[in-house]
Amino acid sequence: MTEGNVFSTSQRTHRCGDLRAEHAAAAVTLGGWVHRSRDLGGLVFMDLRDRAGLVQVSFNPDWTSAAVIAEAAAVGVESVVIVEGIVEPRPAEMRNPQLDTGEIEVRATSLRVVGPAVTPAIPVARGKNDKLPAEELRLRHRSLDLRRPELQANLILRHRLLQVTRQHLSARGFLELETPILTKPTPEGARDYLVPSRVHPGEFYALPQSPQIYKQLFMCSGFDRYFQIARCFRDEDLRQDRQPEFTQIDIEASFIGRDDIMALSEGLIAALWLEAGHDIATPFERMSYADAMERYGCDRPDLRYGLEIDDFTAAFAPLDFVVTKSAIEAGGRVRGLRVPGGAAWSRKQVDELEAVAKGAGAGGLLRIKKSDGKLDGPVAKFLTPEAAEALALQDGELALFVAASDRISSPALDRVRQECARRLGIVDENARRFLWVTDFPMFDRDPASGALAAVHHPFTAANPDDMAAHPDVPEQWRALAYDCVLDGLELGGGSIRTSDPRVQSRMFTLLGIGDESEQERRFGFLLEGLRAGAPPHGGIAFGFDRIAMLLSNGTSLRDVIAFPKTTAARALFENAPSTVPSDDLRQLHLRSTVEGE
RNA sequence: GGGGGCGUAGCUCAGCUUGGUUAGAGCACUUGACUGUCACUCAAGAGGCCGCGGGUUCGAGCCCCGUCGCUCCCGCCA
């Protein structure tokens, strides 16, 4: 294979894991790590590992000198050795079908221990049922953990996905353009990581939360199609799927509309999934934000199962039942879902579902079940025959309702729906349901302060029809924004941007940045770019780490990032962040306010 | 910022419910035996600030308080 030649150097001829039966009789020199060895007394087997895989090296008096056998028996696991030998087919009964190289072995004639290893702090070679060491130890000893074939496979896949991204976009005329890491603090959104300026006392750079404004300026400059594998930074509390620095596939293009971006994105996603061995169908399904919220209570619904939410307000409205009556009178609705088989659940199990609903902010969860043809549950006695008819419950079904405003009932029913699906085991783990959620609202009004906030970001364009129909009611405007969703996870999102500087200025005003000099101070460089002649443009950004995680079948971002941070945003291997000498602070015109410093 | 879980040998864990001889097991490690293993096998050995600090008690790995670290979740993440 040509790959073997690529890895041939002055110090080795092949990679361990590349050897096959076709190499039989070849004299090879291998470099690798001692994965495991078996000393049978006068006869030693060593599993030698490199990133391509494992190969068995055999040390036997018939072809190995006594001195070399003694050295092979003594070398510790995880040491680096260079071995010379002959590739030989194994006798049939000694083949190892669990190993890609299991048809052959390397009969060693020489051995050099070039990198002896102390006993590893955490094991690299693991038995079938061995648990992984604690996350803390894996992160502290990252260079050892990264030797594990699983993590190597993840990072190798990550590399391939990056190459596919570059090839796919480059082939479609997109230019890979870089943007600054030292940028300007952003007034809204997540907290910025700040970098003090030495030459400008008291002033700070920020690390970018995303290259958003830069990529729009590229469009204003006529670069037409841009992409970047962009590192982004957000100083917020972490989660299993959230790191303080992360990688986005950032895309922007000119003279395009929403459908163009979606079609382009579908092509890229399909190419990425194909690289990981999955043939997926395009185009993806589409659903409006309003529809998603109505049917699933959530803007990134998991479509692998049903359990859709329905509106039962009409059935409950005439009833003399205080819970639903007061909610409806207050402008709310009675929404809920019918759970097939749920009638068999115990009181306690349904109570647990109610706890889920309450945890999401609902006041309670109403329940009615139908078994043996009759309705049962605390609410059932309030039902008129007409209301019972309207519920349309099938035998064995449990109906769960939340009577409240949509703002309360949607998130509660979303969580209840997910929990019911989990319990029923109806999530098809092999299905992949890609979905575009479109027509997000432009603004969200903070119920406490009454202030408008951008749902996507302040540069998103509003639907022109909505602006014309309700010029003074911005809450009614839908955004030209779209999210790409897979099985309840957001893969990415984007929008068509406002390219008219007057409209952009008005958006800032609606968001509470009315003062013109304030707008110039914060966003002057964007407004200037728009004023200088901006093409219609828009784009999207995908969370690359999450995509790599999904495609490597992982559950933690830490397993697809070479050197990740802990949930406290610490790097355990290098011990960052750390204090610095006070002289360094003085040069930066900083003084610590931490006690004792 | 808030809540849950975990912290005992290099690693994975038991012991904690109900405080009481010398804190155990498997793997790894060291030594010895073993010529076809592939999680080799067998025998022996070494290995402990029970995360840290304080308290209760005649006595604490175990109970209480605090603290640190890791982790999961809520808030947060335009």
Side-chain angles (χ1 to χ4, degrees), chain A residues 35-48 54-64 69 73-74 76-78 88 90-91 93-99 101-102 105 107 117-141 144-145 186-192 209-210 212-213 232-244 246 356 359-361 411 415 440 442-444 446 452-460 479 481 490 493 495 507-508 511-513 541 543 555-556 558 565-570 572 575:
Chain A
H35 190 68
R36 241 194 290 264
S37 62
R38 296 171 289 282
D39 177 359
L40 273 63
L43 184 65
V44 176
F45 296 96
M46 180 184 286
D47 293 337
L48 199 59
L54 288 179
V55 70
Q56 172 167 285
V57 181
S58 68
F59 298 80
N60 184 307
D62 292 346
W63 51 80
T64 317
I69 292 179
V77 292
E78 294 310 314
E88 291 289 344
R90 297 197 199 182
E93 69 277 14
M94 293 173 195
R95 289 181 191 147
N96 185 347
Q98 293 176 322
L99 228 49
T101 59
E105 66 176 7
R107 297 187 168 180
V118 297
T119 301
I122 57 173
V124 176
R126 295 190 304 128
K128 293 182 186 72
N129 300 317
D130 289 357
K131 293 172 74 174
L132 284 172
E135 192 80 37
E136 178 178 359
L137 294 162
R138 291 179 50 202
L139 292 173
R140 203 174 291 285
H141 308 286
L144 279 173
D145 201 36
T186 44
E188 47 190 285
R191 272 186 291 271
D192 288 316
Q209 295 182 24
S210 83
Q212 180 61 36
I213 292 178
C232 307
F233 306 86
R234 291 178 192 173
D235 186 6
E236 295 292 346
D237 289 343
L238 307 184
R239 287 287 188 284
Q240 191 168 29
D241 60 350
R242 209 193 290 163
Q243 282 273 309
F246 58 98
V356 167
R415 298 272 280 276
F440 282 78
M442 196 59 199
F443 301 103
D444 190 25
D446 185 322
L452 284 183
V455 168
H456 189 57
H457 60 54
F459 319 115
T460 298
E490 184 190 330
S495 64
M507 293 298 174
F508 289 142
L511 290 167
I513 315 167
T555 52
S556 172
R558 289 185 292 264
K565 304 284 190 286
T566 69
T567 46
R570 221 170 241 297
L572 294 180
N575 221 347

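Throughout, a chain's letter reflects where its sequence line sits, starting with A, and its residues are numbered from 1.
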ask   = Is it true that the side chains of A/Ser556 and A/Gln240 contain a donor and an acceptor less than 3.5 Å apart?
value = no
B/A78 phosphate, OP1 or OP2, under 4.0 Å from A/Gln212 side-chain N/O = no
message = Expected output is a numbered-order residue list: members of residues 54-61 of chain A with a heavy atom under 4.0 Å from any atom of RNA chain B. What is it?
response = A/Gln56, A/Asn60, A/Pro61
Tabulated below should be each protein N or O lying under 3.5 Å from an N or O of nucleotides 24-26 of chain B; please produce it.
none

query = Taking CG from A/Leu137 and C1' from B/G51, how many angstroms apart are they, rounded to a whole number?
reply = 12 Å
query = What is the distance from CD of A/Gln209 to P of B/C76, rounded to the nearest Å?
reply = 16 Å
task = Grab the CG-C1' distance between A/Asp237 and B/G1 for me, whole Å please.
result = 8 Å
note = A/Glu78 meets the side-chain hydrogen bond (donor to acceptor under 3.5 Å, both in side chains) criterion, sequence neighbours left out, with A/Arg49, A/Arg147
message = If you only use heavy atoms from C-beta on, which nucleotide in B/G75, B/C70, B/U12 is closest to the side chain of A/Arg239?
response = B/G75
ask   = Of the candidate nucleotides B/A39, B/G36, B/C11, which contains the atom at the shortest distance from the side chain of A/Pro123?
value = B/C11
task = May I have the distance from A/Leu132 (atom CG) to B/U71 (atom C1'), rounded to whole angstrom?
result = 14 Å
message = Is the phosphate of B/U71 approached by A/Arg558 (side-chain N or O, under 4.0 Å from OP1 or OP2)?
response = yes
message = Regarding A/Asp62, tell me which of base, sugar-phosphate or nothing describes its non-hydrogen contacts under 4.0 Å with the strands shown.
response = nothing
request  = Could you check whether A/Val44 gets within reach of a base, just the sugar-phosphate, or nothing at all, counting any heavy atom under 4.0 Å?
outcome  = nothing
Rounded distance (Å) that lies between atom P of B/G36 and atom CG of A/Leu99 = 20 Å
query = Just to confirm, is there a sub-4.0 Å distance from OP1 or OP2 of B/U37 to any side-chain nitrogen or oxygen of A/Arg38?
reply = no
query = To the side chain of A/Gln240, which of B/C72, B/A39, B/C29 is closest?
reply = B/C72
ask   = Does B/A28 have a Watson-Crick or wobble partner in any strand here, with both distances under 3.5 angstrom, and which is it?
value = none
inquiry  = Heavy atoms only, 4.0 Å cut-off, all strands: where does A/Glu105 land among base, sugar-phosphate and nothing?
reply    = base
message = By the 4.0 Å heavy-atom rule, please label A/Arg36 as base, sugar-phosphate, or nothing.
response = sugar-phosphate
